[in-house]
Protein chains: 2
Amino acid sequence: MKTFSIGEVAKELNLTAYTLRYYDKEGLMPFIERTASGTRLFKESDISALKIIECLKSSGMPIKEIKNFIDWCSEGDSTLQQRYDMFMERKAIVKAQMAELKKTMEIIEHKCFYYKSALDAGTEDVHKDAKIEIPMPN
Amino acid sequence: MKTFSIGEVAKELNLTAYTLRYYDKEGLMPFIERTASGTRLFKESDISALKIIECLKSSGMPIKEIKNFIDWCSEGDSTLQQRYDMFMERKAIVKAQMAELKKTMEIIEHKCFYYKSALDAGTEDVHKDAKIEIPMPN
DNA sequence: CTAAGCCTTATAGTTAACTCTAGGTCAAGT
DNA sequence: ACTTGACCTAGAGTTAACTATAAGGCTTAG
């Protein structure tokens, strides 16, 4: 079976080797095998697992909680319910993040218009109101 | 004009007074007035400005960059272009974040199905493949 | 007139997630 | 044989964004 070095995996996942060793130290990678001399050997399935870890990370999950999940994976079928619940909870969290980000986007887009028209007029005074801009109720 | 104490503003924005003082120390609030004895007096327009700061923060902008923006605001019309450019850049960044979050959501939803069916079957073995689950190319 | 409950400053501590350094091992190429 | 470069560990350092503490000052209700 083909294996990969820590450097290759780091490049593929846009991480550094430092970061991968840090994850390993934090217990996120109990499944990585080693050569006799201690070098980590990453399999395709390890890279897939790392992608899940990246997914959880980008959903805002802290590393210690990701470790819980990894531990549950090692414990087998008795933890299926926990893992299901965890992903359902993540789903709700990501949904809320999407809503939040949408609101953020709306304000930013409003600001783009605001500065576009100020720029066209040559002065911010076209928006009569306070200097540091009201979020515009309209 | 009605003003608010730091505690009132903190409550309204779901921040702590510590955080607001920290922002002030970092130069994010050069516009806040004080009483003779030094207590901060927040106006409605200050709260609006703080909402913009929160918006930029939730777009992932670090506090030091937000400070640049606040400084530009104080400098007046000569910085309109920078501010416009900044919001256009933010818009692109938030758009990318939304795309990323959507991908994250898709993986998580897939995992919800994965664990639902494993739970129904009573074992993860229904998904014949590796223990730590492949992101499913389908 | 004093105690509660705000507020103030300066400064120290915390936490997460890296990020790097030092000192060493190992395998491949010249 | 020896050098090069990637790997290893342990542990120290960094950064951002808070978060808390200590010591003290105003204001108002009893």
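Protein chains get the first letters and strands the later ones, always in sequence-line order, with residue 1 at the start of each.
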What is the distance, rounded to the nearest whole Å, between atom [atom1] of [X] and atom [atom2] of [N]?
X	N	atom1	atom2	result
Glu65(A)	dT15(C)	CD	P	16 Å
Ile6(A)	dC20(C)	CD1	C1'	14 Å
Leu41(B)	dC6(C)	CG	P	17 Å
Lys64(A)	dT14(C)	NZ	P	14 Å
Glu54(A)	dA17(C)	CD	P	12 Å
Tyr22(A)	dT15(C)	OH	C1'	10 Å
Leu20(B)	dC6(C)	CG	P	16 Å
Asp24(B)	dT8(C)	CG	P	9 Å

Using heavy atoms to find the nearest nucleotide of DNA chain C for Glu8(B) and Lys25(B) separately, return the residue whose nucleotide is more 5′.
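By nearest-heavy-atom nucleotide position, the 5'-most residue is Glu8(B).
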OP1 or OP2 of [N] versus the side-chain N and O atoms of [X]: is any pair under 4.0 Å?
X	N	result
Lys67(B)	dA16(D)	no
Arg40(A)	dC8(D)	yes
Arg21(B)	dT21(D)	no
Thr39(A)	dC8(D)	no
Thr19(A)	dC18(C)	no

Want to settle it: does Pro62(B) or Tyr18(B) sit nearer the 5' end of DNA chain D, counting the closest nucleotide to each?
Pro62(B)
Check whether NZ of the Lys or CZ of the Arg Lys25(B) lies under 6.0 Å from the centre of the six-membered ring of Tyr22(B) and within 45 degrees of that ring's axis.
no
